[in-house]
Engineer: 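The structure's right below; bear with me while I get my questions together.
Proteins get letters first, then strands, A, B, ... in listed order; numbering begins at 1 in each.
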Amino acid sequence: MLRSKTCGEIRAEHQGQAVTLAGWVDSVRDHSGILFINLRDRYGLTQIVFSQSLADTVRSLHPEDVVQIEGTVQLRPEGIVNKKIPTGEIEVKAEKLTILNRTAVVPFQPSAPEVPAEETRLKYRYLDLRRPAMQKTLTLRHRICKVARDYFDENGFVEVETPMLGKSTPEGARDYLVPSRVAQGQFYALPQSPQLYKQILMIAGYDRYFQIARCFRDEDLRADRQPEFTQLDLEMSFVDSEDIIGMISGLVERLMKEVLGREIKGDKIPRMCYDEAMERFGHDAPDLRFGMELIDLTDIAKEVEFRVFRGVADSGGRIRAINAKGAAEKYSRKDIDGLNNWVIEQFGAKGVAWLKVDTDGKLAGPIAKNFTEEQLDKIAKRVGAEKNDFILFSADTFSVTCKVLNGLRRRLAAELKLINPNEMNFCWIVKFPMFDWDAEEKRWVAMHHPFTAPLTQDLHHLAGTPDSNPGAIRAQAYDLVLNGFEVGGGTVRIHDSETQSKVFDLLGLSLETAKQQFGFLLEALQFGAPPHAGIALGLDRLVMLFGGLDNIRDCIAFPKTAKAADLMTGAPSPVATKQLDELAIKTTLKPNDTVAR
RNA sequence: GGGGACGUAGCUCAAUUGGUUAGAGUACCGGACUGUCGAUCCGGUGGUUGCGGGUUCGAGUCCCGUCGUCCUCGCCA
């Protein structure tokens with residue numbers, strides 16, 4: 001061992017002990033007759049004191065040089081304890097200094113107070129990962145995995161690895177494809193999730209499976225979305241949705257307690273139906289850390305002359321509002337113009353109407369003149385208007401009012417600082433619709449995936465029955481939501497081929513096509529498939545939220561940029577012509593753009 | 001694919017309406033200093049203002065294109 005202690009563990013009780021430390025030079029402070037360095041590793045900082053004898057070597061040190069110190073622990077002189085660091089009561093009096101490795105001049109110092117540009121951080125990721133904040137996050141990530149693994153183990157789960165090279169399926173996200181050399185012209189797909197394999201494992205009798213599974217989706221990125229991400233994936237047999245919700249609620253409680261040392265809010269995680277979430281928040285992953293819920297005014301709008309409201313209400317649209325309490329003075333006409341342009345550009349809305357409550361408690365604003373006194377009173381009562389309230393309206397299709405008001409609700413909450421950043425607010429969203437109508441392709445599409453079981457009480461709406469109504473069918477699906485982010489989603493699966501056929505039929509999948517795509521699963525379902533259900537949690541998002549971060553890249557050791565590039569390694573990159581020849585692949589681009597020279 | 005923000009020294013940033021030789025902090029190099037801890041003090045090196053065009057007497061600043069990073073809409077069963 002090149003060290004006997006880490007840089008974070010020495011305390012006053014070790015006074016007089018001989019120790020050997022190794023780490024990175026964090027800073028050098030040269031006072032001519034006496035010199036100090038802060039030595040850093042991932043456990044902390046320890047101050048090393050040098051006398052004149054080692055001065056020349058110490059002066060040659062640079063930040064991020066790797067050194068080994070042999071010395072003696074001593075208490076710092078009275079009155080100059082450094083209370084900012086846990087090791088601040090002691091220092092190590094150096095007797096020997098060994099330079100283990102010199103560094104080149106670093107592009108940035110991990111200990112610097114300012115964080116470099118994202119591009120620089122990603123290019124020199126090893127330096128970025130030396131930053132204490134990153135080390136804290138990756139350690140948190142490890143803790144979450146460890147607690148989850150232990151929890152699943154205690155509950156009888158078996159961790160099974162499923163293939164990375166799988167079969168491409170046309171539904172869902174775009175696949176990352178891997179060309180086959182031995183079967184030229186054919187491709188594997190990297191898994192979007194272990195979905196089909198874990199269902200097969202249920203049929204195979206592994207009634208409690210879990211995996212910390214890497215997943216891939218070739219879609220555009222976001223602050224909370226990477227092309228390569230990790231799921232805490234599980235599946236159980238002989239269970240219903242209550243069992244899955246219970247199992248995961250237990251995990252959440254454990255994670256909160258063992259990782260953050262906290263209890264979950266309330267006795268248990270509350271639940272909300274999808275329809276209720278859309279009515280109250282306009283989104284299926286509502287942030288419940290603040291109010292400002294959506295208020296429906298469609299019935300009032302049907303009675304008014306104001307054409308913007310009346311027209312929408314009469315043609316089946318909705319008029320809804322949010323009330324930003326006490327915010328009237330904080331939003332100038334210019335600010336409101338900004339909000340208006342934002343909803344037009346971002347959500348394709350026609351705009352946002354607004355009213356403010358003036359000092360007399362009256363609703364005022366450009367649209368106020370379109371209402372009678374009585375109608376204004378009705379609106380005021382409905383939205384709970386009080387002095388200085390700022391009320392924003394969206395009059396549009398239900399879908400657009402959801403997008404607009406959810407967007408405004410989140411934006412205003414951030415701007416008005418309504419969110420307690422320390423709160424961890426979980427909820428379950430249940431009873432999702434089974435199908436979505438795709439207006440472009442003029443067909444029903446599965447909202448989750450085509451193996452999701454409908455709620456038994458909605459089965460009579462399936463095709464081929466007198467009261468067939470696919471839009472009314474709800475799924476046995478459940479999403480776990482934390483602080484306005486979807487952190488998990490799962491369903492009870494269909495385990496009988498009769499229901500499965502009906503669902504495929506509704507999706508416009510012929511038996512032939514279905515067999516071609518999922519034949520192995522359909523076949524397997526015939527050989528004693530137990531009732532089963534499962535869920536997958538987004539590990540990266542969980543870490544992000546447990547760590548109080550606002551970006552998923554900061555939870556991943558080696559993340560990709562918005563264009564899915566790895567700035568450190570330079571991937572993706574051209575390959576040699578020989579490699580392409582072996583795969584029988586020819587690009588339609590100019591050779592110099594794609595082929596390694 | 002669409003919209004927006006940004007790109008100036010190794011790093012973090014500044015530079016008035018388009019106007020002198022593009023500045024500061026830090027890092028780096030040299031020097032001073034025996035209790036500092038983001039050490040301090042003195043001096044110095046360091047720039048094709050992402051790249052390519054254009055407008056102008058004059059462009060870091062304005063216009064067009066392009067590349068990159070971030071945010072976002074579409075997309076993500």
Engineer: Taking everything shown except A/Lys563 itself, do over 12 heavy atoms lie less than 6.0 Å from its NZ?
Structural biologist: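 12 or below, so no.
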Engineer: Which value, in whole Å, describes the distance between the C1' atoms of nucleotides B/C62 and B/C73?
Structural biologist: 29 Å
Engineer: Please tell me if A/Thr120 has a side-chain N or O lying less than 4.0 Å from either OP1 or OP2 of B/G10.
Structural biologist: no
Engineer: Got a second to check how far A/Phe435's CZ is from A/Arg443's CZ, nearest 0.5 Å?
Structural biologist: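 Nearest 0.5 Å value for the CZ-CZ distance: 11.5 Å.
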Engineer: If I take atom CG in residue A/Asp220 and atom P in nucleotide B/G3, what distance separates them, rounded to the nearest angstrom?
Structural biologist: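 Interatomic distance, CG of A/Asp220 to P of B/G3: 14 Å.
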Engineer: Once you round it to whole Å, what is the distance between P of B/G2 and CG of A/Leu221?
Structural biologist: 17 Å
Engineer: Are more than 12 heavy atoms from other residues, nucleotides or ligands located less than 6.0 Å from atom CD of A/Gln52?
Structural biologist: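 Atom CD in A/Gln52 is crowded, with more than 12 foreign heavy atoms closer than 6.0 Å.
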Engineer: B/A22 pairs with which nucleotide, Watson-Crick or G-U wobble, both distances below 3.5 Å?
Structural biologist: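 Result: none.
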Engineer: Step through it carefully: locate the ring centre of A/Phe432, locate the ring centre of A/Tyr478, and say whether they are under 6.0 Å apart.
Structural biologist: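 Here the rings of A/Tyr478 and A/Phe432 have centres that are no less than 6.0 Å from each other.
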Engineer: Touch check for A/Arg222, heavy atoms < 4.0 angstrom, all strands: base, sugar-phosphate only, or nothing?
Structural biologist: base
Engineer: Between A/Asn38 and B/G38, is there a contact of a side-chain N or O with OP1 or OP2 at under 4.0 Å?
Structural biologist: no
Engineer: So which one's nearest nucleotide on RNA chain B is more toward 5', A/Ala173 or A/Val28?
Structural biologist: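 The 5'-side residue here is A/Val28.
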Engineer: Separation of A/Arg131 atom CZ from B/U12 atom P, in whole Å?
Structural biologist: 12 Å
Engineer: Measure from CG on A/Asn406 to C1' on B/U72 and round the result to the nearest Å.
Structural biologist: 14 Å
Engineer: For A/Gln231 and A/Ser193, what are the C-alpha separation, side-chain angles and deciding distance, and is it a side chain to side chain donor-acceptor pair (under 3.5 Å)?
Structural biologist: CA-CA 8 Å; A/Gln231 289 189 339; A/Ser193 89; 4.8 Å; no
Engineer: Sticking with atom C1', work out how far B/G50 lies from B/U69, rounded to a whole angstrom.
Structural biologist: 11 Å
Engineer: When you measure from the centre of the six-membered ring of A/Trp342, is the NZ or CZ of A/Arg411 closer than 6.0 Å and no more than 45° off the axis?
Structural biologist: yes
Engineer: B/C67 and B/C51: how far apart are their P atoms, nearest whole angstrom?
Structural biologist: 15 Å
Engineer: Atom CZ of residue position A/Arg102 - does it have more than 12 heavy atoms of other residues, nucleotides or ligands inside 6.0 Å?
Structural biologist: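 It does: A/Arg102 CZ has more than 12 such atoms within range.
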Engineer: Rounding to the closest angstrom, what is the interatomic distance between B/G38 and B/G65 at atom P?
Structural biologist: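 B/G38 and B/G65 have their P atoms separated by 49 Å.
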Engineer: Starting at CG of A/Leu408 and ending at P of B/C73, how long is that distance when rounded to a whole Å?
Structural biologist: 13 Å
Engineer: Are the aromatic ring centres of A/Phe281 and A/His283 under 6.0 angstrom apart?
Structural biologist: no
Engineer: Roughly how many Å is it from CZ in A/Arg174 to P in B/C76, rounded to a whole number?
Structural biologist: 9 Å
Engineer: Counting only side-chain nitrogens and oxygens, does A/Arg29 get under 4.0 Å of the OP1 or OP2 atom of B/U36?
Structural biologist: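 Result: no.
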Engineer: If pairing requires Watson-Crick or G-U wobble contacts with both distances under 3.5 Å, which nucleotide is the partner of B/C41?
Structural biologist: B/G31
Engineer: Roughly how many Å apart are B/U56 and B/U61, using the C1' atom of each and rounding to a whole number?
Structural biologist: 13 Å
Engineer: Using whole Å, report how far CZ of A/Phe108 lies from C1' of B/G25.
Structural biologist: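 These atoms are roughly 18 Å apart.
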Engineer: Please list, pair by pair, any protein nitrogen or oxygen found under 3.5 Å from a nitrogen or oxygen in nucleotides 67-69 of chain B.
Structural biologist:
unit_1 : atom_1 : unit_2   : atom_2 : d
B/G68  : OP2    : A/Lys563 : NZ     : 3.1
B/G68  : O2'    : A/Glu119 : OE1    : 3.4
B/G68  : O2'    : A/Glu119 : OE2    : 2.6
B/U69  : OP1    : A/Thr561 : OG1    : 3.2
B/U69  : O4'    : A/Glu119 : OE1    : 3.4

Engineer: Taking only the P atom of each, what is the distance from B/A59 to B/U20 in whole angstrom?
Structural biologist: 12 Å
Engineer: Working note: A/Glu64 + A/Arg40, criterion salt bridge (charged side-chain N to carboxylate O under 4.0 Å, His left out); need CA distance, chi angles, decisive distance, verdict.
Structural biologist: CA-CA 9 Å; A/Glu64 304 312 310; A/Arg40 188 193 72 238; 2.8 Å; yes
Engineer: For A/Arg42, what residues pass the salt bridge (charged side-chain N to carboxylate O under 4.0 Å, His left out) criterion, not counting sequence neighbours?
Structural biologist: none
Engineer: In whole Å, measure the gap between the C1' atoms of B/G46 and B/U8 for me.
Structural biologist: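 That atom pair is separated by 14 Å.
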Engineer: Check if the side chain of A/Arg225 and the base of B/C75 share a donor-acceptor pair of N or O atoms closer than 3.5 Å.
Structural biologist: yes
Engineer: Between A/Glu114 (CD) and B/A27 (P), how many Å, whole number?
Structural biologist: 10 Å
Engineer: Looking at every strand, decide which applies to A/Ser27 at a 4.0 Å heavy-atom threshold: base, sugar-phosphate, or nothing.
Structural biologist: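 Sugar-phosphate contact only.
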Engineer: Looking at B/U69, which nucleotide sits across from it as a Watson-Crick or G-U wobble partner, both distances under 3.5 angstrom, or is there none?
Structural biologist: B/A5
Engineer: I need a per-nucleotide contact map over nucleotides 28-35 of chain B, read 5' to 3'. Cutoff is protein heavy atoms under 4.0 Å; write B for the base, S for backbone only, - otherwise.
Structural biologist: SS---BBB
Engineer: For the pair A/Asp396 and A/Lys350, evaluate salt bridge (charged side-chain N to carboxylate O under 4.0 Å, His left out) and give the outcome as yes or no after the intermediate values.
Structural biologist: CA-CA 8 Å; A/Asp396 218 307; A/Lys350 291 188 269 304; 3.3 Å; yes
Engineer: If you find the nucleotide of RNA chain B closest to A/Asn551 and the one closest to A/Asn82, which residue's nucleotide is nearer the 5' end?
Structural biologist: A/Asn82
Engineer: Give me the distance, rounded to whole Å, that separates B/C11 from B/U48 when you measure between the P atoms they each carry.
Structural biologist: 12 Å
